[in-house]
Amino acid sequence: ECKRAGGNQLRIHAAGMSRSSLEAFALELDLRAALEREEFRLHYQPIVGASSCHARGAEALLRWQHPEHGLLEPDRFVPIADRTGLIVDIGGWVLAQACLQGARWRKEGVEGFEMSVNVSAVQFARPGLLAQVECALAQSGFPPSALILEITESSLMSDTGHAEQCLRALKTLGVRIAIDDFGTGYSSLAYLRRLPIDVIKIDRELIGEVDRDNDAEAIVRAALAMAHSLRLKVVAEGVETAAQEILLQASCCDSLQGFRYGRPAVPAAFRFGSLTPDR
Ligand code: C2E
Ligand code: MG
Ligand code: MG
Ligand code: MG
């Protein structure tokens, strides 16, 4: 009887797997057409100065308005786009759109407005990125120094020699580089000294614990001290509570990002000025 139950389980499991890989395959086919059908959207989440809590910039976050499944978040389709290489063209679109929006906001009088754009490991490893960034800047008139490319640690770690070359090439354009999700990877801190990095973004898992867990607080304080002594700026991701805000302000964090100041939203819903809820 035991054996039979085991056998059934296996069959159910196999059926489930094939269904989900079928779904992924269907999504992949849709993804190939999505750019042409103009189904991608960018939502923008404010990044505020830590002491003023005024928006000083935004992170562009990709969404897919799928005709059947509705608005999809990147976790659902960016891994497929990475695996298939579709992320290269999608990423080019993201860069162009984000720079256009950033230029619009600067024209509307938001002085010094900065735009952060995510670059996946696959995009980063391809030679076309430099030209895409150059093109997005030229077509929008967005100033290079206001564009921040967010790259994860793991993108840099797979081939550090190549990574260094890529970063130096990007830096010649005048853009800035941020390390995204800092503190989650198996990071060798040595790269921070060697690579031309401008900003680190401390991962939201760490920030989520910072006001409840002494160890998390110690790590965040150490990361801030280290970053500042290397003349890097620090953004805290995933700030949700007043307690986290107060602690990060006291630790001299430079910028804050999180639901506390605004969720990612369409450009028309973006708010400027002071974004901290009353405390
Ligand atoms: P990320 O770059 O670390 O982006 C921050 C994510 O944290 C966003 O999720 C954002 O909605 C979420 N977040 C921000 N504040 C809070 C908070 O206070 N609490 C919580 N719980 N979450 C918060 P989202 O938009 O789902 O994006 C997930 C990831 O997808 C991004 O992580 C990034 O790695 C990737 N991604 C997004 N847009 C793009 C893109 O244009 N290109 C590429 N290659 N990847 C992208
Ligand atoms: Mg999300
Ligand atoms: Mg990011
Ligand atoms: Mg992040």
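Whatever order the structure lists them in is the order used to number ligands and atoms, beginning at 1.
- Taking 2.8 Å as the threshold, Ser116 does not count as a candidate ligand of the Mg ion (ligand 3), since none of its N, O or S atoms lies below it.
- Counting just the N/O/S atoms of Glu150, the one with the shortest distance to the Mg ion (ligand 3) is named OE1.
- Note: no N/O pair closer than 3.5 Å links Pro74 and ligand 1 by distance alone.
- Per-residue contacts place Val94 under 4.0 angstrom from the following atoms of ligand 1 (heavy atoms of the residue considered): 41 (O).
- Across the listed options Phe259, Trp93, Phe40, Phe124, Phe259 owns the non-hydrogen atom lying nearest to atom 22 (N) of ligand 1.
- A cation-pi arrangement is absent between Arg194 and Tyr191, since the terminal nitrogen or guanidinium carbon is not both under 6.0 Å from the aromatic centre and inside a 45° cone about the axis.
- The minimum distance between the Mg ion (ligand 3) and any N, O or S atom of Glu59 involves atom OE2.
- Distances below 4.0 Å separate heavy atoms of Gly258 from the following atoms of ligand 1: 15 (N), 18 (O).
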* Asked: Can you list the steps and then say if Thr184 with Asp203 is a side-chain hydrogen bond (donor to acceptor under 3.5 Å, both in side chains)?
  -> CA-CA 7 Å; Thr184 53; Asp203 190 68; 4.8 Å; no

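- Expressed to the nearest 10°, the angle at the Mg ion (ligand 4) joining OD1 in Asp181 with OE2 in Glu237 is 150°.
- Every atom of ligand 1 with a heavy atom of Pro264 under 4.0 Å away is listed here by number and element: 11 (O).
- Listed by atom number, the atoms of ligand 1 under 4.0 Å from Asp75 heavy atoms are 28 (C).
- Relative to atom 5 (C) of ligand 1, the option among Glu237, Arg63, Glu150 with the closest non-hydrogen atom is Glu237.
- In this structure, the side chain of Asp254 does not engage the main chain of Val235 through any donor-acceptor pair within 3.5 Å.
- Minimum-distance N/O/S atom of Asp180 relative to the Mg ion (ligand 4): OD1.
- Heavy-atom contacts of Glu240 reach the following atoms of ligand 1: 17 (C), 18 (O), 19 (N), 20 (C), 21 (N) (cutoff under 4.0 Å).
- Numbered from 1 in the order shown, with element, the atoms of ligand 1 that lie under 4.0 Å from a heavy atom of Gln123 read 44 (N).
- Distances between N or O atoms of Arg260 and those of ligand 1 include no value under 3.5 Å.
- With Asp198 as reference, Lys171 is the one residue of Lys171, Lys233, Arg176, Arg231 to meet the side chain to side chain donor-acceptor pair (under 3.5 Å) rule.
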